[in-house]
Amino acid sequence: MRTHTCGELRPEHAGARVTLMGWVHRRRDLGPLTFLDLRDRYGITQIVCDEQRAPEAHAVAKQVRNEYVIAVTGTVVRRVPETVNPKIATGEIEVVAERVIVLNPAKTPPFPIEDERGSPPSEEVRLKYRYLDLRRPRLQRNLILRHRAALAVRQYFDRHGFLEIETPMLIKSTPEGARDFIVPSRLHPGKFYALPQSPQLFKQLLMVAGFDRYFQIVRCFRDEDLRADRQPEFTQIDVEMSFATPEMIFALIEPLIEELCLLVGREVVRPFPRLPFAEAIERYGTDKPDLRFGMELVDVSPWLQDVEFVPYRRALDGGGVIKGIAVRGGAKYSRKRLDELAAVARRTGLSGLTWVKLGDGEVASAPALGPARLEALARAVGAERGDLVLIAAGPRTVVNQALGLLRVEIARREGLADGGQFRFVWITDFPMFEWEASEQRWSAVHHPFTSPRDEDVDRLETDPASVRAKAYDLVLNGVEIGGGSIRIHRRDVQQRVFRVIGLGEEEARQKFGFLLDAFEYGAPPHGGIALGFDRLIMLLAGETSIREVIAFPKTASATDLMLDSPSEVSPAQLEELGLAIISRRGE
RNA sequence: GGGGCGGUAGUUCAGCAUGGUGUAGAACGCCGGCCUGUCACGUCGGAGGUCGCGGGUUCAAGUCCCGUCCGCCCCGCCA
């Protein structure tokens with residue numbers, strides 16, 4: 001029986017007879033004297049096997065290899081000062097083995113179970129042997145943090161009167177939003193369940209049911225392409241409150257976030273700043289701005305009303321805009337570097353980027369503007385000697401997007417984003433709808449259950465573009481970590497919103513009839529938020545991919561290299577479900 | 001669907017631009033010997049390769065061309 005873990009023994013245990021079990025982390029064979037580093041998730045303890053004192057134990061120790069699982073019985077002894085190892089918590093003691101038993105031998109692992117020894121193995125190998133990767137300190141640390149965070153979340157909401165209520169995983173496919181993962185039904189051949197993209201409708205119905213304060217740490221599924229911060233299944237902290245205002249949601253979430261940050265020793269500044277969507281776009285070119293650095297977008301159109309330079313003239317006459325950013329110390333940029341930046345900007349559809357170097361006299365890519373004009377532009381964006389000014393002209397959305405991208409790209413390459421800083425910001429007043437050019441219809445920016453702002457409701461039908469939503473996102477260091485809204489709780493408003501997004505009366509009744517019905521039985525005003533748990537843990541852990549905080553993640557092509565999933569199923573299974581495969585790729 | 005980077009020993013990589021450089025190298029790991037205070041032990045010796053896969057060009061392909069598969073990043077997509 002194990003008496004202690006490998007991270008537990010201290011000098012005060014000296015003299016105790018103990019039994020440890022764990023993995024052989026490393027073996028140092030000095031001939032008649034062999035040291036074993038025994039590891040479990042609590043730590044590492046040095047085992048000494050002496051041929052003189054315990055020949056049998058020593059013989060076994062000679063044979064063990066890395067990652068063997070062994071049991072060691074022996075005596076804890078205090079190390080003499082010269083042999084103390086300050087790098088490990090148990091470094092002041094060691095266990096002199098009397099008996100070593102191999103519980104299970106192990107093949108040589110495909111990569112070392114250690115961080116910081118050479119380059120890390122490729123992700124492909126790590127994912128194939130995920131159970132070995134998970135032995136490494138990095139993932140152990142991340143998953144322990146994830147557990148502590150989940151626990152803190154549950155305690156926090158419990159303390160504030162919230163109930164964690166589970167919602168179904170087998171639900172109904174609905175229009176709008178991401179692609180659903182669908183699950184065939186054996187009892188109803190030809191019919192399908194869908195896995196939830198979020199428990200959105202259920203939490204609203206729980207409000208109708210009077211539960212008043214709900215939360216859930218819940219798995220969600222979206223069948224879309226992956227990214228470093230997007231997996232097909234991911235975890236949300238889902239929250240909903242009755243009689244809520246946005247202010248109440250902010251006041252609820254901010255202290256929670258603060259607690260979670262304290263888990264990794266980070267202090268945050270409260271309250272988090274608020275930034276209306278429109279302002280975020282104008283100042284940062286994005287609705288998820290990274291506030292760790294400046295380089296804000298400045299509208300320089302007013303200084304160029306009478307400009308003759310053709311690209312600028314065209315932009316202004318076409319109802320567009322001309323904006324710039326100041327890059328500190330950018331005057332030293334090479335031509336190659338500037339060309340690369342222009343290429344980045346072009347990805348957004350921007351036709352051209354003007355640059356002005358403020359060295360000893362201005363050097364510009366558009367000398368036709370003249371020194372006086374360049375000087376004025378530089379002053380307008382707040383650039384000083386030694387800086388670089390980048391100017392984009394064109395349609396407002398393209399200009400904002402291009403400069404927003406450049407801002408982030410430059411900050412990344414210059415290392416302007418301090419990894420030790422956590423800058424939260426609430427983005428508020430999102431527009432309700434955006435025009436889907438490909439489908440020639442309006443679609444909900446957040447989701448169709450989001451309430452329009454009271455003063456904008458009248459324009460739902462006449463001017464959808466101008467309707468703002470009671471929606472908000474929480475952004476941390478340029479990453480969207482959550483979003484929510486005050487919901488619609490009246491049937492008539494909900495139906496009007498459905499109509500705007502082109503959801504017909506009949507279809508609305510068929511897909512969301514239960515919700516519309518529920519609204520007629522005394523639905524309280526309510527609202528909430530969903531936080532991306534994986535992303536939050538990723539940022540707390542200092543990682544750049546959520547795969548590093550998920551025990552068994554999928555590859556960028558949504559496969560599992562360990563399980564080799566997805567996989568084909570037997571003809572019998574298909575038969576039972578009433579399914580037939582029409583064609584397979586490549587056949 | 002599109003763009004970019006990568007795939008060579010168990011692992012991480014070099015070699016590829018300009019085809020021939022003796023048997024495709026290095027480090028770590030692995031195997032064996034020696035070593036009584038190591039803790040990234042040391043030391044001596046050794047084994048280990050479908051250069052992702054298929055086709056093509058060539059006297060000759062890890063290296064050039066075409067196709068394809070896999071991993072990673074980005075755009076589209078993700079209410």
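Order of the sequence lines sets the chain letters (A, B, ...), proteins ahead of strands, with each chain counted from 1.
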Just wondering, more than 12 heavy atoms not from [X] lying within 6.0 Å of its [atom1]?
X: A:Tyr129; atom1: OH; answer: no
X: A:Glu56; atom1: CD; answer: no
X: A:Lys128; atom1: NZ; answer: no
X: A:Lys554; atom1: NZ; answer: yes

What residues in residues 495-508 of chain A put a non-hydrogen atom under 4.0 Å from any atom of RNA chain B?
-> none

Do [X] side-chain atoms and [Y] backbone N/O form a donor-acceptor pair below 3.5 Å?
X: A:Glu224; Y: A:Arg179; answer: yes
X: A:Arg496; Y: A:Leu460; answer: no
X: A:Lys107; Y: A:Glu67; answer: no
X: A:Arg99; Y: A:Ala97; answer: no

Going 5' to 3' through nucleotides 35-44 of chain B, assign each nucleotide B (protein heavy atom under 4.0 Å from a base atom), S (under 4.0 Å only from sugar-phosphate atoms) or - (no protein heavy atom that close).
-> BBBBBBB---

Taking the [atom1] atom of each, how far is [N] from [M], in whole Å?
N: B:rC74; M: B:rG32; atom1: C1'; answer: 50 Å
N: B:rA60; M: B:rG76; atom1: P; answer: 48 Å
N: B:rC59; M: B:rG54; atom1: P; answer: 23 Å
N: B:rU8; M: B:rG62; atom1: C1'; answer: 7 Å
N: B:rA47; M: B:rU23; atom1: C1'; answer: 15 Å
N: B:rA24; M: B:rU68; atom1: P; answer: 32 Å
N: B:rU63; M: B:rU18; atom1: P; answer: 14 Å
N: B:rC13; M: B:rG67; atom1: P; answer: 27 Å

Rounding to a whole Å, what distance do you find between [X]:[atom1] and [N]:[atom2]?
X: A:Phe111; N: B:rA27; atom1: CZ; atom2: C1'; result: 19 Å
X: A:Ile113; N: B:rG10; atom1: CD1; atom2: C1'; result: 13 Å
X: A:Glu124; N: B:rU12; atom1: CD; atom2: C1'; result: 14 Å
X: A:Met562; N: B:rG71; atom1: CE; atom2: P; result: 15 Å
X: A:Arg136; N: B:rU11; atom1: CZ; atom2: C1'; result: 11 Å
X: A:His447; N: B:rC78; atom1: NE2; atom2: P; result: 15 Å
X: A:Phe221; N: B:rC78; atom1: CZ; atom2: C1'; result: 16 Å

If you look at every strand shown and take non-hydrogen atoms under 4.0 Å, does [X] touch a base, only sugar-phosphate, or nothing?
X: A:Pro120; result: sugar-phosphate
X: A:Val80; result: nothing
X: A:Pro121; result: sugar-phosphate
X: A:Ser198; result: base

Looking just at side-chain N and O atoms, do A:Gln510 and A:Glu506 make a donor-acceptor pair shorter than 3.5 Å?
-> no

Test item: side-chain donor near acceptor, A:Ser443 and A:Arg441, under 3.5 Å | no

Below the 4.0 Å mark, does [N] have OP1 or OP2 next to a side-chain nitrogen or oxygen of [X]?
X: A:Thr555; N: B:rG71; answer: yes
X: A:Ser557; N: B:rG71; answer: yes
X: A:Arg547; N: B:rC73; answer: yes
X: A:Arg65; N: B:rG32; answer: yes

Output every pair passing ring-ring contact (aromatic ring centres under 6.0 Å, His included) with a member in residues 21-62 of chain A, not counting sequence neighbours, ordered by first then second residue.
->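 Listed once each, the pairs would be none.
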
Approximate separation, where rounding is to 0.5 Å, of A:Phe430 CZ and A:Thr450 OG1 = 10.5 Å

Side chain of A:Thr559 (C-beta onward), nearest among B:rG71, B:rC30, B:rC72 |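 Nearest to the side-chain atoms of A:Thr559, counting from C-beta on, is B:rG71.
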
From B:rG29, B:rC72, B:rC77, nucleotide with atom closest to A:Arg179 side chain =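 Of the options given, the side chain of A:Arg179 lies nearest B:rC77.
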
For the base of [N], is there a side-chain donor-acceptor partner from [X] under 3.5 Å away?
X: A:Asp225; N: B:rG76; answer: yes
X: A:Arg230; N: B:rC78; answer: yes
X: A:Arg227; N: B:rG76; answer: yes

